[in-house]
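Here is the naming used below: chain letters follow the sequence lines, and residue numbers restart at 1 for every chain. Worth knowing before you read on, the calculation uses all heavy atoms, side chains too, and leaves out hydrogens, waters and symmetry mates.
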Protein chains: 2
Amino acid sequence: MLSPTGGTPRTPTRVLVVDDEPQIVRALVINLKARKYEVDAAADGRSALDLAASRHPDVVVLDLGLPDMDGVEVIRGLRGWTRVPILVLSARHSSDEKVEALDAGADDYVTKPFGMDELLARLRAAVRRAEPTGGGEDDVTVETDAFTVDLVAKKVHRAGRDVRLTPTEWHLLEVLVRNTGRLVSQKQLLQEVWGPSYGTETNYLRVYMAQLRRKLEADPSHPRHFVTEPGMGYRFEK
Amino acid sequence: MLSPTGGTPRTPTRVLVVDDEPQIVRALVINLKARKYEVDAAADGRSALDLAASRHPDVVVLDLGLPDMDGVEVIRGLRGWTRVPILVLSARHSSDEKVEALDAGADDYVTKPFGMDELLARLRAAVRRAEPTGGGEDDVTVETDAFTVDLVAKKVHRAGRDVRLTPTEWHLLEVLVRNTGRLVSQKQLLQEVWGPSYGTETNYLRVYMAQLRRKLEADPSHPRHFVTEPGMGYRFEK
DNA sequence: CCGACGCGTCAGGGTTGCGTCAAGGACGTC
DNA sequence: GACGTCCTTGACGCAACCCTGACGCGTCGG
């Protein structure tokens with residue numbers, strides 16, 4: 001798994017690393033960059049808070065032993081305005097320290113020396129958790145002049161009314177809309193909607209493309225949004 | 001701080017404890033109840049999944065060494081239909097075990113023997129994190145022209161009278177209302193209401209949707225609020 | 001000029017999925 | 001121990017959907 005999010009390649013995950021020991025920072029930065037994270041680094045609390053404000057990281061890895069201020073203060077400073085996941089790194093094993101940091105708003109607490117694999121796994125967990133609220137929009141809608149497609153609610157709106165689509169029609173529309181502007185080959189469409197063994201049943205496509213156009217296009221016989229590329233495939237255009 | 005949420009006293013936080021060692025379960029239950037948590041306990045994976053489905057805990061404390069199934073399988077079973085925070089307890093310190101559990105969807109990993117204070121702090125952190133999606137809804141009541149649903153009071157009002165709903169009816173209504181306007185797939189409904197292993201028993205849905213419509217729709221045979229999307233699922237519309 | 005090919009359109013038939021009803025059984029209450 | 005409520009399960013009719021084949025049209029190449 002190369003992409004840190006594990007899913008479809010989106011905008012890279014941004015990590016803010018805060019530690020005053022250069023060798024730790026270096027190790028973290030190297031490992032994170034190798035896994036396609038975008039990394040900022042700070043060596044003290046002041047610059048950590050500044051960087052967090054200016055760069056809006058998706059997750060913060062924070063060492064508690066900083067030269068200029070108490071690590072817990074950094075947590076509070078962050079929690080004053082953001083819910084970004086905070087993963088605390090600390091050499092102190094005492095239970096009180098952990099409780100204090102966690103109750104101040106940290107999301108996780110790892111003691112030094114730490115295993116890089118474990119740290120990365122905890123980091124993935126923290127990012128994954130924050131994904132729906134932090135990064136993903138709720139309403140993924142695509143609009144054209146004729147109709148509106150809401151991919152989350154699975155709704156199509158047209159001329160003030162909801163359009164009823166059958167499961168197959170919707171599935172086909174979904175694949176096309178997720179590739180707005182791009183050509184999608186017949187084979188790809190067939191295999192995504194009907195299954196891997198249906199790569200050549202092009203007549204299915206003809207029938208269902210016609211139904212989509214009849215339900216959605218202003219002039220179904222002269223489609224403007226569901227474009228045929230003869231011999232190749234279909235394309236959805238806004 | 002007595003209240004586990006630390007903030008305004010709301011409905012108590014429900015914890016599901018999963019462990020096959022009675023003394024651990026006892027220690028956890030005592031400590032959690034003393035802090036005003038509501039606690040369910042399971043000794044194996046099967047009953048853990050069932051309890052999670054029926055009781056909808058706000059957080060799960062899960063021991064990986066269970067008699068009937070691999071702990072990671074329990075995590076996957078839960079993640080198939082819920083994002084409830086999972087705090088893993090384990091006697092195994094190996095890095096691989098941790099990574100596997102975390103990547104399967106666990107939120108935190110604590111090795112035995114553990115400090116109770118630390119565990120409780122990690123539990124608070126997990127619950128706090130999940131709060132916005134789990135508990136902080138703005139719309140507590142949803143109104144239609146025919147009836148009113150109060151999600152907090154768990155009451156349905158219609159034509160000046162309270163409507164009696166069975167637990168299952170209410171549960172189903174709740175899932176639909178929380179997704180007002182959005183299509184909810186049959187599988188998701190079944191797994192949320194009946195449990196992870198009921199993803200294909202579509203006849204349950206048919207029976208209970210009919211009952212909901214009979215009790216709430218003005219004209220049950222022509223539903224306006226509980227819409228069927230054939231082959232896909234159901235949708236609640238204001 | 002003619003045939004081949006790809007695409008759009010239409011209509012019929014098999015199959016699936018949904019709504020409805022009713023009966024059996026588990027559970028808790030009195 | 002009797003009663004009532006609720007959940008489960010099966011059967012049946014009906015509507016909707018998916019597949020299939022046939023036909024017409026346009027384009028391209030021989």
Side-chain angles (χ1 to χ4, degrees), chain A residues 154 156 162-174 176 183-187 189-195 197-235, chain B residues 50 53-55 154 156 162-176 183-187 189-195 197-236:
Chain A
K154 288 216 164 44
V156 181
D162 286 345
V163 182
R164 276 187 64 84
L165 295 185
T166 72
T168 310
E169 286 163 5
W170 176 261
H171 203 159
L172 182 59
L173 175 64
E174 202 172 2
L176 288 167
L183 172 72
V184 188
S185 75
Q186 316 189 42
K187 191 174 172 186
L189 280 170
L190 285 164
Q191 295 192 335
E192 282 244 21
V193 177
W194 280 270
S197 58
Y198 288 76
T200 59
E201 308 280 339
T202 59
N203 43 327
Y204 291 10
L205 278 183
R206 295 208 292 279
V207 172
Y208 277 89
M209 286 302 303
Q211 294 187 1
L212 273 185
R213 298 206 252 239
R214 195 175 319 131
K215 289 187 178 180
L216 299 181
E217 291 273 4
D219 181 0
S221 54
H222 299 94
R224 295 185 40 227
H225 303 104
F226 298 97
V227 186
T228 305
E229 302 282 356
M232 308 180 64
Y234 294 87
R235 180 201 311 277
Chain B
D50 287 345
S54 60
R55 302 276 294 164
K154 291 211 194 291
V156 181
D162 282 349
V163 183
R164 259 190 73 78
L165 295 185
T166 73
T168 308
E169 285 164 6
W170 174 260
H171 204 156
L172 181 59
L173 175 65
E174 198 173 6
V175 176
L176 287 168
L183 173 73
V184 188
S185 75
Q186 320 186 58
K187 191 174 170 187
L189 281 171
L190 285 164
Q191 295 193 333
E192 285 244 16
V193 177
W194 280 271
S197 56
Y198 289 75
T200 59
E201 307 281 336
T202 59
N203 43 327
Y204 290 11
L205 278 182
R206 294 209 294 278
V207 172
Y208 276 87
M209 286 303 303
Q211 293 185 2
L212 274 185
R213 298 207 252 238
R214 197 173 316 131
K215 290 187 178 180
L216 299 180
E217 290 273 4
D219 180 0
S221 55
H222 299 94
R224 295 185 41 228
H225 302 104
F226 298 96
V227 186
T228 304
E229 301 282 357
M232 307 176 69
Y234 293 87
R235 182 200 308 279
F236 171 74

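Among residues two or more places apart in sequence or in another chain, the ring-ring contact (aromatic ring centres under 6.0 Å, His included) test is passed with B:Tyr234 by none. With sequence neighbours left out, the ring-ring contact (aromatic ring centres under 6.0 Å, His included) criterion links A:His171 to no other residue. Judged as a side-chain contact (heavy atoms from CB on, under 4.5 Å), and not counting sequence neighbours, the contacts of B:Ser185 are B:Lys187, B:Gln188. Under the rule for a side chain to side chain donor-acceptor pair (under 3.5 Å), the partners of B:Asp50 that lie at least two apart in sequence or sit in another chain are B:Arg46. Residues that satisfy the side chain to side chain donor-acceptor pair (under 3.5 Å) test with B:Asn203, not counting sequence neighbours, are absent from this structure. The side chain to side chain donor-acceptor pair (under 3.5 Å) test applied to A:Trp194 returns no partner, not counting sequence neighbours. Residues satisfying the side chain to side chain donor-acceptor pair (under 3.5 Å) test with B:Glu229, not counting sequence neighbours, are B:Arg235.
In summary, contact between chain B and DNA chain D, defined as any nucleotide atom under 4.0 Å from a heavy atom of the protein, begins and ends at D:dC6 to D:dT9 in the 5' to 3' direction.
For the segment residues 166-173 of chain B, residues with any heavy atom less than 4.0 angstrom from an atom of DNA chain D are, sorted by number, B:Thr166, B:Pro167, B:Thr168.
For residues 205-215 of chain B, the set of pairs meeting the side-chain hydrogen bond (donor to acceptor under 3.5 Å, both in side chains) definition, not counting sequence neighbours, comprises B:Glu169-B:Lys215, B:Arg213-B:Thr228. For residues 218-228 of chain A, the pairs satisfying salt bridge (charged side-chain N to carboxylate O under 4.0 Å, His left out) are A:Asp145-A:Arg224, with sequence neighbours left out.
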Any protein N or O atoms within reach of nucleotides 9-18 of chain C? Criterion: under 3.5 Å, listing atom names and distances.
residue, atom, partner, partner atom, Å
C:dC18, OP1, B:Gly231, N, 3.1

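Taken to the nearest 0.5 Å, the CG atom of A:Leu176 stands 13.0 Å off from the NE2 atom of A:His225.
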